[in-house]
Amino acid sequence: MTSQDPVTPARHVREMLLGSDAVAHGVRLCRPAVVSAYPITPQTHIIETLSEMVDRGELPAEFIKVESEMSAIAACLGAVSAGVRAFTATSSQGLAMMHEILHWVAGARLPLVMVNANRALGAPWNIWADQSDSLSQRDTGWLQLYGETAQEALDGVIIAYRVTEALRVPVMVMLDGFIGSHTMEPLFIPDPGLVDDYLPPYTPVDYLDPDNPLTLCAATAPDSFYELKKGHARAMERAFDVLDKTFAEFGDRFGRRYAAVETAGTDDAEILVLSTGALTGTVRVALDRLRRQGVPAGLLKLRLVRPFPRWQLRHLLTGRRRVIVLNRAVSYGAGGILTQELRAACCGMADAPAIHDVIVSLGGKEVYPETIEEIVVRADELSPDESVWRP
Amino acid sequence: MARDLNRYLRPGVSTTPFCPGCGHGILMNIILRAIDELRLNLDDMLFVSGIGCAAWIPSPNFNADTLHTLHGRAIAFATGAKAFNPQLKTMVISGDGDLASIGGNHLIHAARRDTDLTVICANNMIYGMTGGQAAPTTPAGAISATTGGGNPWAPFDLCRLVIGAGAGYAARFAVTQPLELKEAIKEVLGFTGFGFIEVLSPCPTQYGRRNDYGAVTDMLEDLRRRCVTADEMKRLTGTERKDRILTGVLHDERNERNEMETARA
């Protein structure tokens, strides 16, 4: 179809694409100068498509296929230090291997965008969808955006570059391994000019330049170190506002509206189900069926996990009876990671609802609409403080 | 797999994990044949592999202790196991991407320390399992999923790499040289110290189809034509030598063999 199609927004093309290819188109439109990556399932299609775009001249970038994920993120660290836009993508063990440099990029306040296709961490080996990889990196100082659809992943990359360059905090954009990365969806690809208007060429502040030499990331005395970390923490607090404005401007220009927390059927809902990523599609089906049966349940879709949108969530939770948190990552000994985050956000809230911790899936364990329906219908039987594991 | 070697396979293993035409099945057979001829007991052996197609040669197929490790870490894991139990005959079987790229540092340091390990690197010149991306062993100019315009970089010569790092033994054979390869595996299993064998193994699925090999047999024929011994190499003209691959026991300190020098002489 062409852009003459009435459902296609102005200055967009309608396509049927794999989630990973959608990400690659998002990256292409942002014109990074350096792309560096290492293959890992289920992310590999992203960098393969990018390398093909570089070969065909559609993306005038240096593509570096390096010898490990640590080298991939290190090459991006070098590229952004030299003052250009860079990109990498990975998954699972690859993200874990990047851990040390994730801290370094964020600590150096360098603007970088990466995509992670959510996949379980071993042992034992498992390649399917799970959020243990990215949620175990939540303290590295990166902003984390999760997406439900391929369109959100594509748009998320474009939004991420705006945010990272405004805040100098790196941004990690997530889509689900296989369900997100290897499934074809109809989506809209914006025209390059539309993206160029939204995301102007990158102008670095401090960068490595032989004519104006400077030292980056030198050893720092305790007091200065503390001040720099305070600055980073404050930038994360500013991120809520920056992200809201960036989402709003994106909505005005591209016609797709996003928020840190998105809702469906919450107006009169006594029970809320909190979900992230592609699982949300299944939750929508389950909640629609429950609505028709008269169960007053609504959806909270969490797009932003770092910084954690605590005030929005407190506001949305006010007056509810219970909230069921669907986790696909566990902090062993403490329960579902998103549940802990939500509980911390609600601490001290006078009329906080009961928060139920459900470990709904790990390592790609299938979740059906019936799975969700049963959890919601039998919510009265859920423990208020112990993690609920499926039989 | 030869039927008489089936007793070395874990009960329940019935199908090959490899694509049609993959050389890794031949290598699996040769390794077990060498073990069989040496009358080694699999209970006294440990097989360690990393991530990639070659890592499936021992794991879970061999009816022995097999350790399937993190990507790149096979040699490091094997070093630890060997340190705790020096009686274990420890063999690392993994691919070029695993051993020479993400795990390259462990490879050169194990060679430097002369760690008592048999390292068999199944070199198919590409990342097969993830879909055919360029590896550090992909020939210059070769087409891969990440080098659509031809690989701009020169590949590692893995034997030279480990010899340079201090390995006392390094051999290279293709799966089209099964008898010589089997003898080299037996030789390495017979001594104490670091032994490295690079095995050229065709990958028709990811490498061949992108690089003008019309059929599986074309890749095998190509290896048969190009893999030569040092003596054969000496008789070739300079132009002929260019596309040939030197095979043999290229370096063996114990027996003062150095085929790399012979080939050059």
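Proteins get letters first, then strands, A, B, ... in listed order; numbering begins at 1 in each.
- A/Gln93 touches chain B through its side chain: at least one heavy atom from C-beta onward sits under 4.5 Å away, while N, CA, C and O do not.
- Heavy-atom neighbours of A/Glu58 CD from other residues, nucleotides or ligands within 6.0 Å: above the threshold of 12.
- Taking the side chain as every heavy atom from C-beta outward, B/Met129 and A/Thr41 never approach each other to under 4.5 Å.
- Here the CD atom belonging to B/Gln133 is positioned 11.0 Å from the CD1 atom belonging to A/Ile40, to the nearest 0.5 angstrom.
- Taking CH2 of B/Trp153 as the start and CD1 of A/Ile64 as the end, the distance is 7.0 Å to the nearest 0.5 Å.
- Distance CZ/A/Phe63 to OG1/B/Thr147: 9.5 Å, rounded to 0.5 Å.
- For A/Ser68, the parts lying under 4.5 angstrom from a heavy atom of chain B are both the backbone and the side chain.
- The environment of CZ in B/Phe156 is sparse: at most 12 heavy-atom neighbours from other residues, nucleotides or ligands sit within 6.0 Å.
- For a residue to count as touching a neighbouring chain, one of its non-hydrogen atoms must lie under 4.5 Å from one of that chain's; by this rule B/Thr69 touches chain A with the backbone only.
- Between B/Ala145 and A/Ser51, the shortest heavy-atom distance links the atoms O-OG, 3.1 Å.
- Contact of A/Met70 with chain B is not made at all, since no heavy-atom distance falls under 4.5 Å.
- Side chain of A/Lys65 to main chain of B/Thr146: no donor-acceptor pair is present (N/O by atom type, distance under 3.5 Å, no hydrogens or angles).
- Ranked by non-hydrogen atom pairs under 4.5 Å with chain A, the options B/Pro136, B/Ala134, B/Ser144 are led by B/Ala134.
- Heavy atoms closer than 4.5 Å to chain B are found in the side chain of A/Thr44, but not in its backbone.
- Counting non-hydrogen atoms of neighbouring residues, nucleotides and ligands closer than 6.0 angstrom, the CG atom of B/Asp243 exceeds 12 such neighbours.
- Note on ring orientation: taking the six-membered ring where Trp is involved, the planes of B/His71 and A/Tyr38 are tilted (angle from 30° to 60°).
- Rounding to the nearest 0.5 angstrom, the gap separating the NE2 atom in A/His45 from the OG1 atom in B/Thr130 is 9.5 Å.
- One N or O on the side chain of B/Ser101 and one on the backbone of A/Glu67 form a donor-acceptor pair closer than 3.5 Å.
- Residue contact with chain A, scored on non-hydrogen atoms closer than 4.5 Å, involves the backbone and the side chain of B/Leu70 alike.
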